[in-house]
Structures are given as structure tokens and as C-alpha cells.
Asker: 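Sharing a structure below in C-alpha cells format, with a few things to ask.
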Amino acid sequence: MSVSVQEADFDVGAETAALSAGRLDVGAVATFVGLVRADKLSGEGSEVSAMTLEHYPGMTEKSLEAIVAEAGGRWQLQGVRVIHRFGRLLPGDRIVFVGVASAHRGDAFAACEFIMDYLKTRAPFWKKEDTPEGGRWVDAREADDSAAARWSD
Amino acid sequence: MSVSVQEADFDVGAETAALSAGRLDVGAVATFVGLVRADKLSGEGSEVSAMTLEHYPGMTEKSLEAIVAEAGGRWQLQGVRVIHRFGRLLPGDRIVFVGVASAHRGDAFAACEFIMDYLKTRAPFWKKEDTPEGGRWVDAREADDSAAARWSD
Amino acid sequence: MSVKVLYFASLRETLGYSHETLTLPESVSTIGALRGHLARRGGAWEALGEGRNVRAAINQEMVGPESALADRDEIAFFPPVTGG
Amino acid sequence: MSVKVLYFASLRETLGYSHETLTLPESVSTIGALRGHLARRGGAWEALGEGRNVRAAINQEMVGPESALADRDEIAFFPPVTGG
């Protein structure tokens with residue numbers, strides 16, 4: 001179970017392989033990679049030429065670790081890796097990696113999606129897009145709140 | 001949308017990157033890697049020292065392509081990659097890769113899990129495990145049927 | 001009518017055949033009838049009998065017992081799949 | 001009691017402050033009360049007023065408006081998060 005908040009890019013192949021490396025009881029690795037889209041992240045206006053991710057150092061790591069711990073309490077997991085970048089990113093750049101290893105695919109898929117949903121509403125990151133009209137802060141999406149809420153039954 | 005059935009291993013990092021390469025409208029890539037577990041795949045008996053995956057050449061590709069096409073009809077997808085190996089594999093070896101690119105993570109996660117669930121019940125692959133007591137064919141799991149059935153509402 | 005029949009996995013091992021070409025009597029016109037026809041060979045072939053967990057494909061598409069056979073079809077019988 | 005207050009993202013830009021250290025009157029003992037206290041500075045600070053979509057953390061844990069403050073707490077105010 002490991003969490004990183006960093007400016008640097010990450011290696012999806014190496015991170016995915018590390019989740020099952022040296023163990024023979026992992027049957028399933030589910031991963032998610034989030035990328036910067038050029039088109040209307042805020043739902044309106046022009047193309048995005050770059051984006052800056054601000055975060056709250058210290059709280060970011062704590063919140064991600066708490067989310068991972070909660071996933072570990074809900075499903076049988078053998079490894080979890082979360083990497084979230086901050087700083088300036090360009091369209092097509094990777095933002096976030098979540099990888100989950102488990103004996104069974106159901107647990108791996110559920111935990112991976114759960115971590116992403118919670119991360120979206122609980123981890124203190126904020127996106128500011130650069131557009132031809134200047135910088136604009138991305139609004140939080142109601143869809144993200146609903147996505148997180150469906151895990152609380 | 002591309003499907004491969006092959007003996008060779010695959011490169012998870014390269015396959016994942018290819019799903020969003022050269023496009024700026026992909027916000028989410030969900031992937032799944034299935035691996036050979038050493039412990040009791042058949043639910044009983046001894047450790048597995050190796051496994052042989054038999055398949056039905058021709059039908060395998062057709063069935064995977066049909067599953068991918070069905071996923072493409074259900075969700076907004078920008079790329080899908082399925083790779084399934086056959087032949088002799090050892091514990092820890094990769095068996096299957098499913099990668100799905102979409103604008104949004106909900107579609108990517110759902111399609112990736114859907115493809116795995118359908119693949120498990122519709123693609124003509126059969127596993128035979130090598131154990132100290134000799135070869136034994138893996139029994140189909142009822143859990144896989146239920147996992148596939150939940151998509152048909 | 002003449003069809004090619006393929007057997008896979010444990011079924012192939014049980015029967016000792018991976019494939020055969022068959023000329024069918026007119027009464028055998030569906031997958032279910034073909035299973036019965038083969039099972040009546042007796043011995044190992046009873047693995048294809050009613051109640052056994054066998055899946056079938058015609059021309060590489062999974063089908064049910066009512067599916068009609070046509071001349072030169074490629075039929076396959078196999079146990080429930082276990083890939084992924 | 002004395003607390004450190006941090007502001008992030010659009011709120012930081014609106015206020016023109018990233019952080020400050022405050023000595024609070026006794027009447028200000030919860031997150032909600034602190035928000036009101038700050039909003040009463042007027043001008044840009046009204047961004048912290050009631051009804052504005054502002055989230056808060058105490059010592060790096062997300063909290064609600066009733067949460068009690070303690071001396072030397074690290075408080076943060078910020079807009080809803082948009083990572084991932």
C-alpha cells in the first residue's frame with residue numbers, strides 16, 4: 001500500500017508489474033490512469049493548452065492514505081498504489097495512477113473505482129486550466145459527488 | 001478496437017500508453033491484467049506448477065471482437081485493446097490484458113469490467129493446471145456466470 | 001448433410017478425438033439432436049448426453065440446443081469456458 | 001487561542017492570502033464561527049460567508065462547520081476539490 005504525490009511522470013508498466021511482482025497469489029490487477037484532456041474540462045469555453053494542479057502538501061498524502069486504508073477494509077487486497085501529480089501539465093499528460101492487486105477481479109475492479117471516486121471528492125487537489133481567455137479554475141462536478149456517494153450504502 | 005490471441009507476453013505500459021497516444025480527448029484509461037495464481041485455481045488440491053491454456057482458434061478472436069463491439073455499443077469508448085494468451089504459462093505469468101480508453105472514468109471502468117466478465121463466460125479458452133497429482137481441467141465458476149449476468153438488465 | 005465437428009479441452013481428451021467429419025441422417029437437424037446422435041455411440045461419448053454440461057458452437061458462434069444445422073457447418077462441442 | 005489558517009486555489013487568489021496566523025476571540029470556537037468571523041472582514045472575504053461553497057480542514061482532515069477549534073490548530077479553507 002503506497003501513495004506518492006509528485007511532479008514527475010510515472011511508469012505505468014513498471015507500477016502495474018510491481019503490484020504482483022514476487023507473489024503468486026495475485027490473480028487480478030486493475031489500474032486506472034487519468035489524463036489531461038484538451039477539450040472543455042470545465043464544460044464550456046475553449047481548448048485547454050495547459051493545466052496547473054495545486055495541492056495541499058501533507059493533507060494530500062494523508063487523505064490518499066486514508067482512502068487506500070478504507071478500500072483495504074472493504075475488499076481483500078494484496079497491493080495498492082496511488083500516484084497523483086501536481087504542477088503544470090499539458091493535454092495528454094498523465095495526472096493520476098491507481099493500481100490494485102487482488103486474488104479476484106471483482107475486488108480489484110471495485111477497489112480501484114472506489115479509490116478514484118473518493119480521491120475525486122476528498123483529496124485536496126485543484127485544477128486551473130490555461131485557455132486563450134486566460135486561467136480558469138475547474139468547477140467541481142456534481143457527478144463526482146454522486147459517484148462517491150454510491151459507495152456509502 | 002483491437003484484439004490479439006497470442007502465445008507471447010505483452011507490454012502493459014506500451015499497451016496502456018497506446019490507448020491514448022496521439023489524442024487529447026482521452027481522460028481515462030482503465031486496464032485489467034489477469035495473472036496465473038499458484039494457489040488452488042480449482043478451489044481444491046495442491047499448488048499449481050504450470051498451466052496450459054487451450055483455445056478454439058478463429059472462434060476466440062471472433063468472440064472477443066463481438067464482446068468488444070457490444071461494449072462499444074453500451075459506452076462511449078475511444079479505444080479498446082484485448083490480448084489473451086494461450087499455451088503454457090507459469091504462476092505469476094500474465095494471461096489477459098483488457099484496456100479501455102474513454103473521455104470519462106465511469107465508462108472506462110464499466111466497459112473494462114464488462115469485457116472481462118463476458119470474456120470469462122463467452123470466449124473459448126480452457127485452463128488445464130499441472131499439479132503434483134497430474135493435470136486437471138479448471139472447472140467453470142458459477143461466480144463468473146453471475147458476474148456476466150448482472151450486465152443483462 | 002455433412003458437417004465438421006470439433007471437440008475441445010476435457011471433452012477432446014475424454015473422447016480421444018479433436019475433430020471428425022460426419023454425414024448426418026435427416027433426423028439430425030439441430031445441435032441437440034446431434035448431441036443425442038453422438039451420445040448414442042456409447043462409452044466415452046455419453047459425455048455428450050443430456051444433462052452433461054456441454055456447450056456448442058456453429059461456425060464459431062455459441063448456440064443453444066435448438067439451433068439448426070446446415071450442410072458444411074463447422075460444429076464445436078466443449079465444456080464451459082475458463083479463460084481470462 | 002491562536003491558529004494558523006491556510007487558503008487554497010481560487011479562494012487563495014480571491015483573498016490574496018495563502019496563509020495567516022490568527023488570535024481568535026473566545027466566541028470563535030468552531031469552523032463555522034471562524035468562517036463568519038473572517039467573512040465579516042468584508043470585501044473579498046465575503047467569499048467565506050454562509051452559502052458559499054467552501055470546504056474546511058482541521059489539521060489536514062476534512063471537517064464540517066460544527067467542528068471545534070483548538071489552540072495551534074492548522075485550519076484550511078478551500079473550494080471543492082477537483083483532482084484525479
Side-chain angles (χ1 to χ4, degrees), chain A residues 5 32-37 41-43 51-67 82-87 89 94-98 112-113 115-129 134-145 147-148, chain D residues 2-22 30-32 34-35 38-39 43-84:
Chain A
V5 178
F32 178 83
V33 177
L35 303 130
V36 180
R37 281 164 50 203
L41 270 191
S42 342
M51 163 187 292
T52 303
L53 262 155
E54 179 173 333
H55 74 122
Y56 180 173
M59 178 170 169
T60 325
E61 291 80 354
K62 276 175 75 169
S63 67
L64 294 175
E65 280 158 13
I67 293 166
V82 177
I83 308 171
H84 203 301
R85 297 175 70 188
F86 63 90
L89 299 172
R94 284 177 277 265
I95 304 170
V96 61
F97 174 86
V98 174
C112 189
E113 192 163 12
I115 290 169
M116 272 308 302
D117 285 349
Y118 269 48
L119 181 159
K120 281 265 179 187
T121 56
R122 296 192 179 183
F125 291 97
W126 301 274
K127 287 177 181 148
K128 188 179 194 178
E129 299 170 339
R136 73 182 166 210
W137 290 96
V138 174
D139 282 332
R141 294 170 64 233
E142 188 141 2
D144 288 329
D145 285 331
Chain D
S2 166
V3 297
K4 186 175 181 186
V5 188
L6 312 179
Y7 308 101
F8 287 96
S10 55
L11 197 59
R12 174 178 50 72
E13 286 187 353
T14 301
L15 302 177
Y17 281 85
S18 66
H19 64 276
E20 59 182 316
T21 301
L22 282 178
T30 66
I31 283 289
L34 176 55
R35 271 183 64 172
L38 292 166
W45 293 92
E46 285 164 17
L48 283 163
E50 241 181 291
R52 301 302 188 90
N53 206 349
V54 171
R55 306 294 161 91
I58 298 178
N59 299 327
Q60 309 188 345
E61 296 214 7
M62 204 97 79
V63 295
E66 308 305 324
S67 298
L69 310 180
D71 191 39
R72 312 179 75 88
D73 271 352
E74 175 179 302
I75 317 292
F77 291 112
F78 43 79
V81 303
T82 57

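Residue numbering restarts at 1 for every chain, and letters A, B, ... go by the order of the sequence lines.
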Asker: Please report the closest heavy-atom contact between Lys127(A) and Thr82(D), naming both atoms and the distance.
Answerer: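 Closest approach of Lys127(A) to Thr82(D), heavy atoms only: N-OG1, 2.9 Å.
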
Asker: Could you pull out the closest heavy-atom pair between Pro79(D) and Trp126(A), with the gap in Å?
Answerer: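 Taking Pro79(D) first and Trp126(A) second, the nearest heavy atoms are O-NE1, 2.9 Å.
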
Asker: Please report the shortest heavy-atom distance between Ala140(A) and Val81(D), naming the atom on each side.
Answerer: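 Shortest heavy-atom separation between Ala140(A) and Val81(D) comes out as CB-O, 3.9 Å.
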
Asker: Side chain from CB out, backbone as N, CA, C, O: work out which of these in Asn53(D) comes under 4.5 Å of a heavy atom of chain A, or both, or neither.
Answerer: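 For Asn53(D), neither part sits under 4.5 Å from chain A.
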
Asker: Count the heavy atoms belonging to other residues, nucleotides or ligands that lie under 6.0 Å from CD of Glu20(D), then report whether that count exceeds 12.
Answerer: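 Count over threshold, so yes.
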
Asker: Side chain, backbone, both or neither: which part of Ala57(D) has an atom under 4.5 Å from a heavy atom of chain A?
Answerer: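 Side chain only.
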
Asker: Can you name the nearest heavy-atom pair linking Tyr56(A) to Ala76(D), along with the distance?
Answerer: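 Nearest heavy atoms, Tyr56(A) then Ala76(D): CE1-CB, 3.3 Å.
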
Asker: Can you tell which part of Ser63(A) gets under 4.5 Å to a heavy atom of chain D, answering side chain, backbone, both or neither?
Answerer: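 Neither the backbone nor the side chain of Ser63(A) comes within 4.5 Å of chain D.
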
Asker: For Lys128(A), is it the side chain, the backbone, both or neither that has a heavy atom under 4.5 Å from a heavy atom of chain D?
Answerer: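 Side chain only.
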
Asker: For Met59(A) and Met62(D), which heavy atoms make the closest approach, and how far apart are they?
Answerer: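 Nearest heavy atoms, Met59(A) then Met62(D): CE-N, 3.9 Å.
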
Asker: Flag the one option from Phe125(A), Phe86(A), Phe32(A) with the top tally of heavy-atom pairs under 4.5 Å to chain D.
Answerer: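 Among the listed options, the one with the most contacts to chain D is Phe125(A).
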
